[in-house]
Amino acid sequence: MGSKISVISYYLPEKTFTNEDFYLEFPESKGTSLEKTGIYKRHIIAPDETASDMAFKAAEKLFSEHQIDPQSIDFLILACIEPDYYTPPTSAVLHGRLGLKPACGIMEYNHGCSAYVYGLGMADGAITRMGAKRVLFLTTSSLTHTFHPGDKSSRFVFGDAATATLLEDSDTEDIGPYEYGTNGNGYNRIIVEDGHARNAITEESLMEIKDDFGNITSRATFRMDGTGVFLFTMKTVPAMIEELLKKAALKIEDVDYFVFHQPNEFLNEMLRKKIGIPEEKFIHCIRETGNTVQCTIPIALCEMYAEGKLTRGTTVVLAGFGVGLSWISTVAKF
């Protein structure tokens with residue numbers, strides 16, 4: 001007995017922020033390395049919209065598009081970086097808003113770029129060890145809420161989104177094995193430092209910090225060490241994929257597609273070449289959405305469904321990496 005990915009839907013906020021919009025604010029950035037990211041448009045959450053609002057809309061879209069009865073859901077898993085409240089869990093709030101049945105488990109976690117693949121493992125556990133038949137797995141990212149207006153790099157790269165994935169029980173093990181790891185000493189490479197339990201907001205929290213590239217941040221806004229994250233990714237991901245393929249007794253030629261987290265096209269092309277993945281097997285899906293953190297992989301999979309690339313028997317390697325610093329990969333059969 002195992003689990004399988006059944007269907008996926010996603011929601012994008014109505015407001016868009018195109019490259020033309022960006023260059024009106026930051027004309028000095030035109031023609032710089034930012035254009036190597038492969039991003040031309042991103043969707044931005046409204047000021048009065050929350051991450052859970054987006055997750056709700058993604059779930060409603062899944063139910064409508066695929067004729068899913070909310071009462072058939074046995075377990076709800078939420079990957080969220082902006083909870084509604086300190087307590088209760090936002091998954092409980094969504095359980096009520098979506099009208100799920102009382103006999104439905106809930107859980108949630110904050111794991112950023114690695115969250116989707118970790119969530120597949122959690123959903124598999126809910127099915128194979130906790131008796132669930134259908135798991136609704138939601139990811140939602142409203143990271144732009146945390147940006148300093150002068151953080152050119154972050155505002156160019158990231159967008160907001162939410163996704164809904166339905167996982168169901170299967171007679172075969174269609175997801176796995178897994179390869180994962182963490183370098184917790186690098187936790188501060190991607191961080192919002194002040195405003196939670198460790199560091200309260202002070203006057204110092206709001207003081208502007210300007211880096212060598214002219215990006216302005218603060219201790220109370222999102223900050224990323226781009227160079228450090230790049231070096232971490234190039235060192236970690238190729239080794240992870242090599243070990244995963246060994247565990248799965250697969251070679252690159254046995255895999256139909258490789259779907260990695262989409263931080264930017266330049267980085268992923270570097271990874272593709274270093275690992276030796278043919279272009280036709282490697283998925284880029286970032287042009288119209290930007291880096292939507294935990295939502296990039298399911299958005300790419302949803303688009304692959306729409307393009308007819310995911311048919312019965314398709315084998316896909318999924319890989320997430322980033323905040324934490326964490327990494328994880330698995331093999332999924334469709």
Side-chain angles (χ1 to χ4, degrees), residues 5 37 77 79-81 108-125 137 139 141 143 154 157-158 163 165 175-192 222-252 255 257-277 281-286 290-301 315-332:
I5 297 172
T37 61
I77 297 175
C80 179
I81 60 176
E108 68 187 74
Y109 60 105
N110 174 355
H111 215 326
C113 314
S114 299
Y116 188 74
V117 184
Y118 267 101
L120 294 180
M122 295 176 190
D124 182 72
F137 173 29
T139 70
S141 176
L143 194 64
S154 295
V157 170
F158 292 93
T163 74
T165 300
I175 306 176
Y178 291 83
E179 180 68 21
Y180 49 83
T182 311
N183 175 12
N185 291 324
Y187 76 90
N188 59 352
R189 294 289 189 270
I190 306 172
I191 193 170
V192 178
F222 177 85
R223 283 190 291 145
M224 180 169 66
D225 173 6
T227 300
V229 173
F230 177 86
L231 294 174
F232 148 76
T233 303
M234 293 303 298
K235 177 182 178 181
T236 304
V237 175
M240 172 178 66
I241 298 302
E242 181 180 358
E243 289 304 310
L244 175 71
L245 293 176
K246 285 181 183 178
K247 278 186 179 180
L250 294 172
K251 297 179 181 179
I252 288 177
V255 178
Y257 297 104
F258 291 79
V259 181
F260 288 7
H261 164 55
Q262 309 277 306
N264 66 74
E265 192 169 302
F266 174 77
L267 174 57
N268 274 12
E269 265 296 287
M270 293 282 286
L271 288 172
R272 181 189 69 77
K273 292 175 182 178
K274 186 171 183 178
I275 298 168
I277 302 170
K281 289 179 177 279
F282 197 83
I283 301 299
H284 291 294
C285 185
I286 195 170
N291 179 349
T292 53
V293 197
Q294 58 258 53
C295 299
T296 64
I297 293 175
I299 288 175
L301 290 175
T315 299
V316 183
V317 165
L318 308 175
F321 43 87
V323 67
L325 297 165
S326 64
W327 58 93
I328 184 169
S329 58
T330 192
V331 179

(request) With rounding to the nearest 0.5 Å, note down the distance linking NE2 in His284 to CZ in Phe260. (result) 10.0 Å
(request) Kindly give the heavy-atom pair with the smallest separation between Trp327 and Asn183, and that separation in Å. (result) CZ3-N, 3.5 Å
(message) Distance alone, cut at 3.5 Å: any donor-acceptor contact between the side chains of Thr165 and Tyr116?
(response) yes
(request) Looking only at non-hydrogen atoms, find the nearest pair between Phe137 and Gly119 and report the distance. (result) CZ-CA, 3.5 Å
(request) List the atom of Ala300, the atom of Val259, and the distance in Å for their closest heavy-atom pair. (result) CB-CG1, 3.8 Å
(message) With a 3.5 Å distance limit and no angle check, can you tell me whether Arg189 reaches the backbone of Asp225 through a side-chain donor-acceptor pair?
(response) no
(message) Can you confirm whether His111 sits close enough to Gln294 that some side-chain heavy atom of one is under 4.5 Å from a side-chain heavy atom of the other?
(response) no
(request) Looking only at non-hydrogen atoms, find the nearest pair between Cys285 and Ile299 and report the distance. (result) SG-CG2, 4.1 Å
(request) State which residues pass salt bridge (Lys or Arg N to Asp or Glu O under 4.0 Å) with Glu179; sequence neighbours excluded, sorted by chain then number. (result) Lys247
(message) Does any part of the side chain of Pro298, heavy atoms only, come nearer than 4.5 Å to the side chain of Thr139, both counted from C-beta?
(response) yes
(message) Would the distance check show the side chain of Thr330 and the main-chain N or O of Gly176 forming a donor-acceptor pair, the cut-off being under 3.5 Å?
(response) yes
(request) Check each of Leu244, Val117, Val331 against Tyr178 using the side chain to side chain contact (heavy atoms under 4.5 Å, CB included) test, and report the only one that passes. (result) Val117
(request) Take the angle between the ring planes of Tyr180 and Tyr118 and call it parallel below 30°, perpendicular above 60°, tilted in between. (result) tilted
(message) Using 0.5 Å steps for rounding, measure from the NZ atom of Lys246 to the CD atom of Glu242.
(response) 4.5 Å
(message) Using every non-hydrogen atom in the two residues, find where Gln262 and Thr296 come nearest and quote the distance to one decimal.
(response) N-OG1, 3.2 Å
(message) Rounded to the nearest 0.5 Å, what separates atom CG in Leu271 from atom CG in Leu267?
(response) 5.0 Å
(request) Kindly indicate, with the supporting measurements, whether the criterion side-chain contact (heavy atoms from CB on, under 4.5 Å) is fulfilled by Thr37 and Ile286. (result) CA-CA 9 Å; Thr37 61; Ile286 195 170; 5.9 Å; no
(message) Would you compute the distance between atom CD of Glu265 and atom CG of Asn291 and round it to the nearest 0.5 angstrom?
(response) 13.0 Å
(request) Kindly compute the distance separating CG (Leu325) from CG (Asn188), expressed to the nearest 0.5 Å. (result) 8.5 Å
(message) Assess the residue pair Ile275 and Ile252 against the criterion (side-chain contact (heavy atoms from CB on, under 4.5 Å)); give the C-alpha distance rounded to whole Å, side-chain angles, the decisive distance to 0.1 Å, and a yes or no.
(response) CA-CA 9 Å; Ile275 298 168; Ile252 288 177; 4.2 Å; yes
(message) Quick one about Thr292 and Ser141 (side-chain donor to acceptor, distance below 3.5 Å, no hydrogens or angles considered), yes or no?
(response) no
(message) Can you list everything that forms a side chain to side chain donor-acceptor pair (under 3.5 Å) with Ser154? Sequence neighbours excluded, please.
(response) Asp151
(request) Using a 4.5 Å cut-off on heavy atoms from C-beta on, say whether the side chain of Ile77 contacts that of Tyr109. (result) yes
(request) Would you name the heavy atoms of Ile241 and Ser329 that are closest together and state the gap between them? (result) CD1-CB, 4.3 Å
Would you tabulate the side-chain donor-acceptor contacts of residues 317-324 under 3.5 Å, counting partners in other chains and residues two or more places apart, or write 'none'?
none

(message) So, taking the atom named OH in Tyr257 and the one named CG in Leu301, what distance separates them when rounded to the nearest 0.5 Å?
(response) 12.0 Å
(request) Begin with the C-alpha distance, continue with both residues' side-chain angles, and end with the deciding distance and a verdict on side-chain contact (heavy atoms from CB on, under 4.5 Å) for Ile190 and Phe222. (result) CA-CA 8 Å; Ile190 306 172; Phe222 177 85; 3.6 Å; yes
